[in-house]
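The structure appears right after this line, and notes come after that.
Numbers restart at 1 for each chain; the letters A, B, ... are given by sequence-line order, proteins then strands. Computed from heavy atoms alone, side chains included, the values below leave out hydrogens, waters and symmetry copies.
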Amino acid sequence: MAVNMALVIKDLVVKRGGERVVDEVSLEVKEGEVVGLMGANGSGKSSLALAVMGWMGCEVEQGRISIDGEDLLGIQMDERAKKGLFLALQQPKEVEGVTVGGLLRAAMAERGSGELLGEIKRRCKREAGRLGMADELLERGVNMDFSGGERKLMEVLQLKMLEPKYAFLDEVDSGLDGDGLKKVARVVKEEVERGMGVVVISHHRQIFEYLEPSKVVVMKDGKIVKRGKAEVVDEL
Amino acid sequence: MKNKKIDLGQGLDEKKVREISKIKKESEWMLQRRLEAWRTYKEMPLPGWGVDLGELAFGQIHYYLKSVAGEVGSWDEVPGEVKETFERMGILQAEREVLAGVKGQVDSEMIYGSLKEYLREKGVIFVSMDEAVKEFPKMVKEHMGTVIPIGDNKLEALNSAVWSGGSFVYVPEGVKVEEPLQVYFRINSERMGQFERTLIVAETGSKLSYYEGCSAPVYSAGALHAGVVEVVVKEEAKVEYVTMQNWYKNVYNLVTKRAVVESEGVMRWLDGNLGSKVTAKYPACVLVGREAKGEMLSIAMGGKGQRIDAGAKMIHLAENTSSQIVAKSISKGGGRTSYRGLVKMGEKARGSKATVRCEGLILDSDSRSDAYPSNDILADEVSLEHEASVNMIDEEQKNYLMSRGISEVRAETMIVNGFLEPVMRKIPLEYALELNKLIEMEVEG
């Protein structure tokens, strides 16, 4: 049987702080596919993304997660990332004294890449320029004293550099102005064309106009309550 | 016989103090100084520092041990085993490339020394303290004990009684030594007590960087290192004193270091403390001239079984003086670090300012970090800024790095390095790299 080239989430139940935040969710994202994930605050969208990544505090009670036929649940977050998973966080963390170049150098070394820091920094600078980020942001500790929008750009920059197979973008559009959103959408689109499957979490319709999801799902109280095509965005 | 090993055995009494002086063929004034210190030592209580010295068995220490032939000026004459040790530390390579001069001390005696010729011609002196007592008695008499008097604390009195080795540095007026002088201290024998005595005199308008590295091999029984360092910074002179302390983890490291800084002089201590079982060390700057500056940058790492109590003292005694203390510490595996500091503004310190920033990072719940700052302000119109924080490593930060495919242990190391980065940035590159490597080894186990 041919391997299903997809991120597959099956009957997933997740608890955080003892509470059931994701309730029997099943979702499939194929190579090169854009999936929209919508729903009110607290409906479980971020918890779903965090649990798939393997973030601390997300306990998977039941279900399965796999990418391209390989099980993810038995392995730690860093191993999941190395298998090609990426999460652009809704609230990216600050890390003092670690530049994005240093972070990416370490991340790439773990993937067996021998790319030198200088070369990574050059590529980073180029991609940051395309995202409209000031060079100075690359010299600071990651996200240190960044604005909300700058943090989102920093997440997309890392996505672009790490070239994941599958990604979650958790409200990557919040805090960005129209121009910033356009630039982010362009970069994400390039990655989708390369073959990345992506789940785009958002409250706003604009990002979906740029990214044209092939399917859209809506969560409420931890469950998927609606599945459809792009028209679902308009209904909300 | 030049090569004969001399060991005065364990424990100390007046006879041994006399014996040390005799072995060194010292003049009467130095013997008398030693005896005065010995009497003071016997009467003094242990210092009320923040560390428990109860386990330190003074009676089992070897107070003088000469294990290698006398000091040589050529690397080829250094005995093989010792040479290997120093080569592993990069001493030779470093000397050729960047250093103005090098000294190496094993146990009680200096075993190697060099100084670039052009500096000798300019009148720079860089010799072992033993040699200085013989060759430059006037200068030693004039300065020794002026910065740290006999009986400043019990360990100082002990050092004054039994000191051996250490260096004497003199930089004449206006001479700027651009390359660093470097000294390596090695404890190579079990239950060894190393009591080096260092005196640095930087004349008006001169400049000097002095780096010391410390290490010891694995021994089951503990050793004691109780060095004393005095620095005289004359008007408009600049002295930088860097220490990389990586003693084996059963060494008691109880060091007294102090600088007196005259008008517009600058003294900067850079202190890396990684090794030792117990470290108690609070380098001081006594700012006696107007616009004198004192600075302390300190990095401490306390692992399993280690107690690192380090800090600084800034004593402002003249107008418009300034000082800065930045102390960062990491505790891991049940280790304990603390910052202990004093900022004093004397009555004449009008217009002076001081900033203190101390931060502790704790990597696991078995470990501990504390800050004990104290201030003593006797002058008006002074400013003192103080920030202190102690934090557990941020799990969310760790998760963030891991989510990019970085292993947990690597993520931890990166966070530690990032935490230290503001201090590392100010340390000369080759030392920062060495320190980084040592810290990574400690964090990653």
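Proximity to chain B is limited to the side chain of A:Q158, based on heavy atoms less than 4.5 angstrom apart. Both the backbone and the side chain of A:L103 have a heavy atom closer than 4.5 Å to some heavy atom of chain B. For a residue to count as touching a neighbouring chain, one of its non-hydrogen atoms must lie under 4.5 Å from one of that chain's; by this rule A:Q76 touches chain B with the side chain only. Heavy atoms of A:M56 lying under 4.5 Å from chain B belong to its backbone as well as its side chain. Contact of B:I406 with chain A is made through backbone and side chain together, with heavy-atom distances under 4.5 Å.
Remark: the B:T413 side chain and the B:E444 side chain contain an N/O donor-acceptor pair separated by less than 3.5 Å.
Using a cutoff of 4.0 Å between basic side-chain nitrogens and carboxylate oxygens, A:R151 and A:E94 are scored as salt-bridged. The pair A:D68-A:K83 does not meet the salt-bridge criterion, since no charged nitrogen lies less than 4.0 angstrom from a carboxylate oxygen. A salt bridge does not link A:K45 with A:D170: none of the charged nitrogens is closer than 4.0 Å to a carboxylate oxygen.
What you find for A:I201 and A:A49 is that their closest heavy atoms are CD1-CB, 4.1 Å.
Your options are B:R404, B:E396, B:Q397, and the one with the most heavy-atom pairs under 4.5 Å with chain A is B:R404.
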